[in-house]
Protein chains: 2
Amino acid sequence: MVKAQLIEAQDRFIASWGRMGSVWGISRTMAEVHALLYITGQPMCTDEIMDRLRVSRGNVSMSVRSLLEWAVIEKVRLPGDRKEYFQAEQDVWSMLRAIARERIKREVDPLLDALDEIGELAPQVGSHSPEDVVALQRRLDGVREGFGLITTLTHKFAGPRGAGLQTAAKLLAKAPVGRSTKHLKSRKGARP
Amino acid sequence: MVKAQLIEAQDRFIASWGRMGSVWGISRTMAEVHALLYITGQPMCTDEIMDRLRVSRGNVSMSVRSLLEWAVIEKVRLPGDRKEYFQAEQDVWSMLRAIARERIKREVDPLLDALDEIGELAPQVGSHSPEDVVALQRRLDGVREGFGLITTLTHKFAGPRGAGLQTAAKLLAKAPVGRSTKHLKSRKGARP
DNA sequence: TACTATTTTCAGATTTTTCTGAAATCTCAT
DNA sequence: ATGAGATTTCAGAAAAATCTGAAAATAGTA
């Protein structure tokens with residue numbers, strides 16, 4: 001029975017994606033709901049999701065709301081049905097862009113804001129500053145520069161009007177680095 | 001008193017970095033220890049870290065071990081002192097490379113392994129495959145392709161023998177994307 | 001409007017993660 | 001080899017995150 005194998009494979013995908021979710025700092029259920037909608041490609045309603053993942057209505061409601069904020073799923077209305085259905089973005093690159101955008105927003109932007117504040121609050125560098133102060137400001141600037149560049153690039157390539165992650169990836173993949181890449185682990189079954 | 005302001009600024013940096021740690025899925029203390037060592041630039045021993053961050057000896061021991069695995073701090077021995085001291089990598093780009101490497105290892109590699117397994121376990125596409133099966137394999141391949149590229153690029157630019165994140169960043173920053181970047185939020189006090 | 005299917009909210013329960021502290025282990029100078 | 005100082009380990013405590021379920025709010029239809 002092919003159907004059973006199909007469900008089994010979907011469930012495994014859902015489990016893997018869910019496990020990754022925890023590493024990312026998003027809840028397991030939220031990741032699982034996304035995985036379910038992505039891997040089946042079907043619009044599903046709250047009850048279908050609850051049944052398939054064995055989680056409560058409240059949990060589905062909260063997970064779905066977050067996923068809508070992340071913009072990796074959208075609401076769909078089926079005519080003649082009062083329920084709301086949800087469908088995942090099917091294009092992988094759009095999905096990755098959305099994830100990159102949201103992660104930067106959550107992980108990097110708050111840090112940059114804090115760095116600006118700290119830099120102002122800290123003693124300013126003047127002509128007779130003690131070495132301590134100079135070093136502190138230098139280190140703050142270092143971090144700001146690094147993460148600032150990451151944010152800028154993310155906006156450039158993954159932002160709502162960005163050039164696209166695929167573009168960035170191609171640029172980088174082609175770039176000559178003048179080193180052997182033989183050490184890269186080749187994956188079984190990888191497509192060319 | 002400049003000293004007090006200095007400590008205050010350091011503490012704020014430590015708190016921000018620690019808060020980010022939780023979003024990243026690493027423990028707050030681990031991030032705080034790293035922040036402390038980075039922002040002071042000083043080699044510090046276990047007791048100094050305990051006192052400054054108000055955490056237990058065991059917690060410092062475990063955090064330090066993880067940071068050593070991440071390769072963002074290293075052990076230093078001061079002559080004539082029996083204690084071990086720890087010092088953070090001071091170059092921001094090296095630090096970011098180490099973080100990128102470790103996060104890919106923890107977040108992406110396990111997913112890729114799982115995807116390979118699932119692809120094999122799932123029904124294979126043949127000439128008469130039902131649409132379901134074709135769609136499943138197509139979606140699995142999509143995810144594999146996206147994350148596979150991310151891993152490859154990370155190895156290329158952030159790996160132990162990689163070309164360096166700075167190189168990648170420069171390549172991307174220069175790349176013409178043919179769009180306005182005016183929408184990018186400019187940060188107060190940003191250095192040129 | 002009134003009715004009811006559907007969704008949201010959130011206090012408390014459950015689960016997971018992190019932290020502590022003291023015992024066990026290690027290590028190095030003598 | 002010995003022992004004082006330093007580090008690691010890990011069981012249980014504490015804290016944080018997640019989840020449930022039912023009541024409250026909302027939205028669609030007649």
Side-chain angles (χ1 to χ4, degrees), chain A residues 14-15 17-37 43-70 73-87 103 106-107 110, chain B residues 14-15 17-37 43-70 73-87 103 106-107 110:
Chain A
I14 292 166
W17 197 259
R19 206 169 302 119
M20 266 229 330
S22 359
V23 184
W24 288 11
I26 70 172
S27 92
R28 203 187 83 258
T29 303
M30 178 178 158
E32 285 180 352
V33 172
H34 181 226
L36 172 61
L37 294 175
M44 293 178 100
C45 68
T46 304
D47 290 273
E48 288 170 330
I49 297 169
M50 286 170 64
D51 291 349
R52 179 75 184 259
L53 301 181
R54 310 307 218 78
V55 293
S56 71
R57 186 174 301 283
N59 201 354
V60 170
S61 174
M62 291 187 301
S63 297
V64 151
R65 180 173 36 188
S66 303
L67 290 167
L68 288 168
E69 274 166 26
W70 280 60
I73 67 171
E74 55 182 18
K75 281 190 191 170
V76 185
R77 302 212 63 106
L78 301 192
D81 192 333
R82 218 150 134 176
K83 293 195 201 64
E84 289 182 322
Y85 286 74
F86 305 96
Q87 187 165 33
R103 294 191 75 176
R106 289 160 41 95
E107 302 180 11
Chain B
I14 292 165
W17 197 259
R19 207 168 302 120
M20 265 229 328
S22 357
V23 184
W24 289 10
I26 70 171
S27 94
R28 203 187 83 257
T29 304
M30 177 178 159
E32 285 181 353
V33 172
H34 180 226
L36 173 62
L37 295 174
M44 294 178 100
C45 67
T46 303
D47 290 272
E48 289 169 330
I49 297 170
M50 286 170 63
D51 291 348
R52 180 75 184 260
L53 301 181
R54 310 309 218 77
V55 292
S56 72
R57 185 173 301 283
N59 200 355
V60 170
S61 174
M62 292 187 300
S63 297
V64 150
R65 177 170 41 182
S66 302
L67 290 167
L68 289 168
E69 276 167 24
W70 280 60
I73 69 171
E74 56 183 17
K75 280 189 189 172
V76 184
R77 303 212 63 107
L78 301 192
D81 192 332
R82 214 149 135 183
K83 292 195 202 63
E84 289 182 322
Y85 286 74
F86 305 95
Q87 187 166 33
R103 293 191 75 177
R106 290 159 41 95
E107 302 181 10

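None of these values were measured; they are calculated from a predicted model. Reminder, nothing fancy here: chain letters follow the sequence lines and each chain counts from 1.
- Between B:Ile26 and B:His34, every side-chain heavy-atom pair lies at or beyond the 4.5 Å cut-off.
- Among the nucleotides C:dT7, D:dT9, D:dT8, the one closest to any side-chain atom of B:Arg65 is D:dT9.
- A donor-acceptor contact under 3.5 Å is formed by the side chain of B:Arg82 with the base of D:dA4.
- Separating the CG atom in B:Asn59 from the CZ atom in B:Arg28 is a distance of 8.5 Å, to the nearest 0.5 Å.
- Scanning all heavy atoms of the two residues, the minimum distance from A:Pro110 to A:Glu107 falls at CD-C, 4.0 Å.
- Nucleotide D:dA16 holds its C1' atom 15 Å from the CZ atom of B:Arg19, rounded to whole Å.
- For residues 22-35 of chain A, proximity to DNA chain D is found at A:Ser27, A:Arg28, A:Thr29, defined as any non-hydrogen atom under 4.0 angstrom from a strand atom.
- Ring geometry for A:Trp70 against A:Trp24 counts as parallel: the plane angle stays under 30°, on a 0 to 90° scale with 60° as the upper cut.
- Nearest approach of B:Gly18 to B:Glu32, heavy atoms of both residues: CA-CG, 3.9 Å.
- Under a 3.5 Å cut-off, the side chain of A:Arg65 and the backbone N or O of A:Val60 do not form any donor-acceptor pair.
- Between B:Met30 and B:Leu67, the shortest heavy-atom distance links the atoms O-CD1, 3.6 Å.
- What separates CG of B:Asp81 from C1' of D:dA6 is a distance of 10 Å, to the nearest Å.
- Per the geometry, CG belonging to B:Asp47 stands 14 Å off C1' belonging to C:dG21, to the nearest Å.
- Interface residues of residues 52-60 of chain B facing DNA chain D, ordered by number: B:Arg57, B:Gly58; criterion, heavy-atom separation under 4.0 Å.
- By the 4.5 Å heavy-atom criterion applied to side chains, A:Phe86 and A:Lys75 are counted as neighbours.
- Atom CE in B:Met62 sits roughly 14 Å away from atom C1' in C:dA22 (whole-Å rounding).
- Look at CD on B:Glu48: it is 14 Å from C1' on D:dA6, rounded to the nearest Å.
- We find that CD1 of B:Ile49 is positioned 14 Å from P of C:dT20, with the value rounded to whole Å.
- Side chains of B:Glu84 and B:Thr46 form no contact here, defined as non-hydrogen atoms less than 4.5 Å apart.
- Rounded to an integer number of Å, the gap from A:Leu78 CG to D:dG28 C1' is 15 Å.
- Atoms NZ (B:Lys75) and C1' (C:dT27) sit 11 Å apart, rounded to a whole Å.
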